[in-house]
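Worksheet: the structure to be examined is printed underneath.
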Amino acid sequence: MTEWQKILTEVVKRPEIHGRFLNTLSLLEYIGARKIMKSQDEARITPTTLAHMTEEIRHAQIIKKLALKVGGDVVKTYAEDSLICGHEARAYIQAIDHAAASVIGEKSSWVNYLLTTLVIEERAQELYPFYDELLIPLGLGGPLKAIFREEEGHLEQVIAALKENGKLTETQIELVRQEERVFFTAFFAAVDERMQFANESQSTLSETN
């Protein structure tokens, strides 16, 4: 089991943390949809691109519903106190975006979109199936598996488009993957630190009482 999997296994045991974690994951899906809308020129918008935007918003909504079941009204919005490690989560997305732009070396919002989507969808292939297994004992299994199946389709489309574009080498793509791994790890490390702090605070409160 990887370090992030160990941390996530602990997260689901803590409803007050877990609800915010799900809400943060919902935020990331929303940011993904927003980035597509803001970055792509109208001349580049195809039915496939529209479908991707729509699905990302729907994914954000699906995960938001899970967050509300676990965390209640506390996670109704994306306000900072409704998230866990929101800064690190946003930094994760921005880091991938910036790494892709650096690798491309030219202004191409389309190739940037393809490259950032590639590494994010690859991560989804690892995260969602594992997470769904953790949710099943909580009576919340299923929705993430449905998202995973759609993300599989996105990944296939992006790989085909990148091959058609033909401008990126595997070495360049791997540089962006490396950056993704660094910030993904940093996000989970921050979540773990937040849980440890909560544990210490609870322990201090119990001793005081």
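Since the structure is predicted, the reported quantities are computational estimates derived from the model, not experimental observations.
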Val176 backbone acceptor or donor facing Glu179 side chain under 3.5 Å: no

Connected via hydrophobic side-chain network under 4.5 Å: Val191 and Val182: yes

Taking the side chain as every heavy atom from C-beta outward, state whether Ile120 and Ile93 have any atom pair closer than 4.5 Å. yes

Going by ring pair (Phe, Tyr, Trp, His ring centres under 6.0 Å), name the residues that satisfy it together with Phe183, two or more places apart in sequence or in a different chain. none

With no hydrogens and no angle check, is any side-chain donor or acceptor of Lys145 less than 3.5 Å from a backbone partner on Asp132? no

Between Val75 and Tyr131, is there shared hydrophobic-cluster membership here, with clusters defined by ILVMFWY side-chain heavy atoms closer than 4.5 Å? no

Apply side-chain contact (heavy atoms from CB on, under 4.5 Å) to Lys6 and Glu10, showing your working. CA-CA 7 Å; Lys6 292 176 184 177; Glu10 292 302 313; over 6 Å; no

The test is side-chain contact (heavy atoms from CB on, under 4.5 Å); show your working for Leu144 and Leu127 and say whether it passes. CA-CA 9 Å; Leu144 292 188; Leu127 176 62; over 6 Å; no

Close side-chain approach of Glu29 to Ile57, heavy-atom, < 4.5 Å: no

Basic-acidic side-chain contact under 4.0 Å: Glu80, Arg90: yes

Less than 4.0 angstrom from a charged side-chain N to a carboxylate O is my criterion; do Arg177 and Glu180 meet it? no

Establish, from distance only, whether the side-chain atoms of His59 and Glu55 form a donor-acceptor pair under 3.5 Å. no

So, do His87 and Tyr92 have ring centers that fall under 6.0 Å from each other? no

Do Leu138 and Lys69 make a side-chain contact, defined as non-hydrogen atoms from C-beta onward lying under 4.5 Å apart? no

Ala100 and Thr116 have their tightest heavy-atom pair at CB-CG2, 3.6 Å

Return the minimal non-hydrogen interatomic distance between Thr77 and Lys64, and the atom names on each side. O-NZ, 3.3 Å

In terms of hydrophobic clusters joined by side-chain contacts under 4.5 Å, are Leu168 and Leu114 together? yes

Minimum-distance pair of heavy atoms, taken over all atoms of Arg20 and Leu83: CD-O, 3.5 Å

I need the Leu8 CG to Leu134 CG distance, nearest 0.5 Å. 5.0 Å

Spell out, as yes or no, whether a donor-acceptor pair under 3.5 Å connects the side chain of Thr117 to the backbone of Tyr113. yes

Kindly determine whether Glu3 and Thr185 satisfy side-chain contact (heavy atoms from CB on, under 4.5 Å), including the steps that lead there. CA-CA 8 Å; Glu3 191 61 28; Thr185 300; over 6 Å; no

Between CG on residue Leu27 and CD1 on residue Ile84, distance to nearest 0.5 Å: 13.5 Å

Short side-chain to backbone donor-acceptor contact, Asn23 and Ala67, under 3.5 Å: no

Ignoring hydrogens and angles, tell me if any N or O in the side chain of Glu126 forms a donor-acceptor pair with the backbone of Arg123 under 3.5 Å. no

Distance (rounded to the nearest 0.5 Å) between Leu118 CG and Ile173 CD1: 6.0 Å

Sorted by chain and number, sequence neighbours left out, ring pair (Phe, Tyr, Trp, His ring centres under 6.0 Å) with Tyr128 holds for none

Give the intermediate values and the outcome of side-chain contact (heavy atoms from CB on, under 4.5 Å) for residues Glu133 and Thr9. CA-CA 10 Å; Glu133 289 299 316; Thr9 300; over 6 Å; no

Is Arg181 salt-bridged to Glu174, cutoff N-O under 4.0 Å? yes

Following the transitive rule for hydrophobic clusters with a side-chain heavy-atom cut-off under 4.5 Å over Ile, Leu, Val, Met, Phe, Trp and Tyr, establish whether Ile96 and Ile159 coincide in one cluster. yes

Tell me whether Leu25 shares a hydrophobic cluster with Ile62, the cluster being built from Ile, Leu, Val, Met, Phe, Trp, Tyr side chains joined at under 4.5 Å. yes

Which of parallel (below 30°), tilted (30 to 60°) and perpendicular (above 60°) describes Phe188 and Phe21? tilted

Interatomic distance, CD@Gln61 vs CG@Leu66, rounded to 0.5 Å, equals 11.0 Å

d(His52 NE2, Glu150 CD) to nearest 0.5 Å is 9.5 Å

Ignoring hydrogens and geometry, is there a side-chain-to-backbone donor-acceptor pair from Ser82 to Val74 under 3.5 Å? yes

What is the distance from atom CG of Asp192 to atom CD1 of Ile7, rounded to the nearest 0.5 Å? 4.0 Å

Taking all atoms of both residues into account, what is the closest heavy-atom pair of Glu56 and Glu151, and its distance? OE2-OE1, 3.7 Å

Any chance you could lay out the salt bridge (Lys or Arg N to Asp or Glu O under 4.0 Å) test for Arg149 and Glu152, step after step, and finish with the verdict? CA-CA 5 Å; Arg149 286 194 291 268; Glu152 273 189 312; over 6 Å; no

Proximity of Trp4 and Phe130 rings by center, below 6.0 Å: yes

Hydrogens and angles aside, do Ser26 and Tyr78 bring a side-chain donor and acceptor to less than 3.5 Å of each other? yes

Would a distance-only check, ignoring hydrogens and angles, find a side-chain to backbone donor-acceptor pair under 3.5 Å from Lys35 to Tyr30? no

Quick one: closest heavy-atom pair of Phe187 and Cys85, and the distance? CE1-O, 3.7 Å

If you take all heavy atoms of Leu22 and Ile63, which pair is closest and at what distance? O-CG2, 3.1 Å

